[in-house]
Amino acid sequence: MTQAPVNVTVTGAAGQIGYALLFRIASGQLLGQDVPVKLRLLEIPQAVKAAEGTAMELEDGAFPLLAGTDIFDDPKQAFEGTNIALLVGARPRSKGMERGDLLEANGGIFKPQGEAINAGAADDIKVLVVGNPANTNALIARSHAPDVPADRFTAMTRLDHNRALAQLSKKLGVPVTELKKLAIWGNHSATQYPSVQHAEVGGKSVDLDQAWLENDFIPTVAKRGAAIIEARGLSSAASAASAAIDHVHTWVNGTPAGDWTSAAVVSDGSYGVPEGLISSFPVTAENGQYKIVQGLEIDDFSRARIDASVAELVEERDTVQKLGLI
Ligand SMILES: NC(=O)c1ccc[n+]([C@@H]2O[C@H](COP(=O)([O-])OP(=O)(O)OC[C@H]3O[C@@H](n4cnc5c(N)ncnc54)[C@H](O)[C@@H]3O)[C@@H](O)[C@H]2O)c1
Ligand SMILES: O=C(O)C[C@H](O)C(=O)O
């Protein structure tokens with residue numbers, strides 16, 4: 001190992017996504033087989049002991065690329081000098097909690113984390129927010145990190161993108177590698193719009209039955225998170241960790257020529273999405289930067305679906321604004 005280790009901070013490290021994510025990072029799947037990593041785990045004080053157990057298991061993995069694991073319960077320390085921040089820990093919705101309560105509780109987590117990133121992260125910091133409501137949590141964190149360029153804050157819709165790929169692959173009986181140019185637009189919620197308007201199969205455009213799209217494909221992808229909770233009794237974890245690995249790996253290494261992926265990034269006003277909202281778009285990655293794919297024609301059906309999901313993001317933004325969180 002000649003290269004200095006890349007510092008990767010993972011919040012919510014003792015949770016179920018953390019457990020599925022950390023070993024894949026340590027094995028080199030996040031950044032590559034030639035990149036050593038140093039893990040910095042952030043947990044709440046009550047969960048530090050469990051994080052220590054995970055750190056013991058990481059040690060027992062004898063991963064050649066793992067240069068060390070440190071555990072913190074203070075965001076300022078956890079984000080000091082960090083290059084990649086995976087914000088997974090969040091406050092889940094509990095019984096009787098309204099949406100506003102959830103946003104407020106998460107504000108208490110993502111505001112100090114944004115401030116800590118602003119104060120101490122490395123200049124090349126890249127942030128992925130996984131903890132729900134991911135788009136608006138990312139908005140909160142970003143608004144408390146004014147010195148960090150806006151394009152470093154992203155939220156995860158790669159899981160939705162992967163779910164869309166899997167559903168279309170099953171429907172058409174082709175491997176996922178044959179599918180290109182699917183896109184998730186809007187919020188990581190049931191209002192999201194998984195679009196096949198520009199999709200290609202084996203290099204050709206696809207003609208899919210509109211009824212199947214509206215009654216099957218879109219609701220299956222958009223409500224998959226709820227279906228996993230119903231089946232497992234817990235929310236998706238391994239697939240979410242896998243998507244987080246994909247999101248960062250693509251961000252750092254780029255998208256293949258002739259294809260794109262989906263990520264929630266800070267809007268520059270493209271496609272009528274209000275500037276500053278963190279919304280999912282089709283994106284390419286090049287030279288360590290995600291860029292919104294420009295110039296796509298948007299048909300009326302897609303327009304209405306995108307607008308509906310973006311309206312929900314606007315509502316969430318207005319709520320956190322009223323609460324003084326941004
Ligand atoms: N964007 C997506 O596609 C997607 C997919 C699946 C799950 N999620 C979300 O990811 C989040 C984590 O899921 P999980 O299954 O790992 O949950 P979990 O409850 O198993 O773990 C969450 C962990 O976060 C920790 N935590 C809470 N507050 C914290 C803070 N202030 N700092 C550091 N750690 C803190 C908790 O102690 C816990 O260990 C949830 O919000 C879930 O809804 C998002
Ligand atoms: O935790 C959830 O509500 C669901 C999760 O965001 C998912 O998409 O699986």
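All values below come from the heavy atoms of this structure, side chains included, with hydrogens, waters and symmetry mates left out.
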Do Glu200 and Ser205 get their side chains close enough for a donor-acceptor pair, meaning under 3.5 Å? no
What class does the angle between the rings of Tyr290 and His247 fall in, given that below 30° is parallel, 30 to 60° is tilted and above 60° is perpendicular? perpendicular
Check whether the side chains of Asn187 and Glu312 place a donor and an acceptor atom closer than 3.5 Å, and report yes or no. yes
Rounded to the nearest 0.5 Å, what separation is found between the OG1 atom of Thr11 and the CG atom of Leu87? 5.0 Å
Find the distance between CD (Gln192) and OG (Ser280) and round it off to the nearest 0.5 Å. 8.0 Å
Please tell me whether Thr220 and Asp216 have a donor and an acceptor in their side chains that are separated by less than 3.5 angstrom. yes
Working to the nearest 0.5 angstrom, can you tell me the gap between Leu182 CG and Ser262 OG? 7.5 Å
Tightest non-hydrogen contact, residues Glu43 and Ala14, listed as OE2-N, 2.9 Å
Could you walk me through whether Leu58 and Phe63 pass the side-chain contact (heavy atoms from CB on, under 4.5 Å) test, one step at a time? CA-CA 8 Å; Leu58 283 162; Phe63 293 102; 4.3 Å; yes
Is it the case that more than 12 heavy atoms not belonging to Gln210 sit under 6.0 Å from its CD atom? yes
Are Val283 and Ile278 grouped together when hydrophobic residues (ILVMFWY) are joined by side-chain heavy atoms under 4.5 angstrom apart? no
With Glu59, which residues qualify under side-chain contact (heavy atoms from CB on, under 4.5 Å), at least two apart? none
Work out which heavy atom in Asp259 is nearest to a heavy atom in Thr284; give both atom names and the distance. O-CG2, 3.8 Å
Residue pair Phe79 / Ala85: nearest heavy atoms and the distance that separates them: CE2-CB, 3.8 Å
Between CD on residue Glu178 and CG on residue Leu165, distance to nearest 0.5 Å: 12.0 Å
To the nearest 0.5 Å, what is the distance between CD1 on Ile298 and CH2 on Trp185? 4.0 Å
Side-chain heavy atoms nearer than 4.5 Å, only ILVMFWY residues, links allowed to pass through others: does that put Ile117 and Ile84 together? no
If you compare all heavy atoms of Gln16 against all heavy atoms of Ser235, which two are closest, and at what distance to 0.1 Å? NE2-O, 2.8 Å
Please answer: with hydrophobic residues joined when any side-chain heavy atoms are less than 4.5 Å apart, are Phe301 and Val310 in the same cluster? yes
Tell me, with the steps shown, if Glu316 and Asn135 meet side chain to side chain donor-acceptor pair (under 3.5 Å). CA-CA 9 Å; Glu316 289 183 13; Asn135 302 54; over 6 Å; no
Give a yes-or-no answer on whether the side chains of His144 and Asn118 include a donor-acceptor pair shorter than 3.5 Å. no
Look at atom CZ of Arg317 and say whether more than 12 heavy atoms of other residues, nucleotides or ligands are closer to it than 6.0 Å. yes
Path from Leu139 to Leu128 over hydrophobic side-chain contacts below 4.5 Å: no
Identified side-chain hydrogen bond (donor to acceptor under 3.5 Å, both in side chains) counterpart of Ser270 within the set Lys291, Gln294, Glu275: Gln294
Indicate every side-chain donor-acceptor pair of residues 31-42 with a distance under 3.5 Å to a residue at least two apart or in another chain.
from: Gln33; atom 1: NE2; to: Ser27; atom 2: O; distance (Å): 3.3
from: Arg40; atom 1: NE; to: Ala78; atom 2: O; distance (Å): 3.1
from: Arg40; atom 1: NH2; to: Gln77; atom 2: O; distance (Å): 2.7

Please round to the nearest 0.5 Å and tell me the distance separating atom CZ of Phe217 and atom CH2 of Trp212. 5.5 Å
What one should report as the nearest heavy-atom pair of Val129 and Ala134 is CG1-O, 3.5 Å
Any luck finding a side-chain donor-acceptor pair between Arg158 and Ser242 under 3.5 Å? no
Leu179 reachable from Leu213 in the ILVMFWY side-chain graph, under 4.5 Å edges: yes
Quick one: is the NZ or CZ of Lys126 closer than 6.0 Å to the six-membered ring centre of Trp251, and within 45° of its axis? yes
Can we say Asp299 and Arg303 salt-bridge, meaning some charged N sits less than 4.0 Å from an Asp/Glu carboxylate O? no
Checking Thr54 against Thr69 for the side-chain contact (heavy atoms from CB on, under 4.5 Å) test, could you report, in this order, the C-alpha distance in whole Å, the side-chain angles of both residues, the deciding distance, and whether it holds? CA-CA 10 Å; Thr54 305; Thr69 305; over 6 Å; no
Is a side-chain N or O of Gln197 found less than 3.5 angstrom from the main chain of Glu297, in a donor-acceptor match? yes
Would you say the side-chain atoms of Asn132 and Asn137 include a donor-acceptor pair closer than 3.5 Å? no
Which heavy-atom pair separates Ala67 from Pro5 by the least distance, and what is that distance? CB-CG, 3.6 Å
Please determine if Glu115 and Lys111 form a salt bridge, counting it only when a charged side-chain N lies under 4.0 Å from a carboxylate O. yes
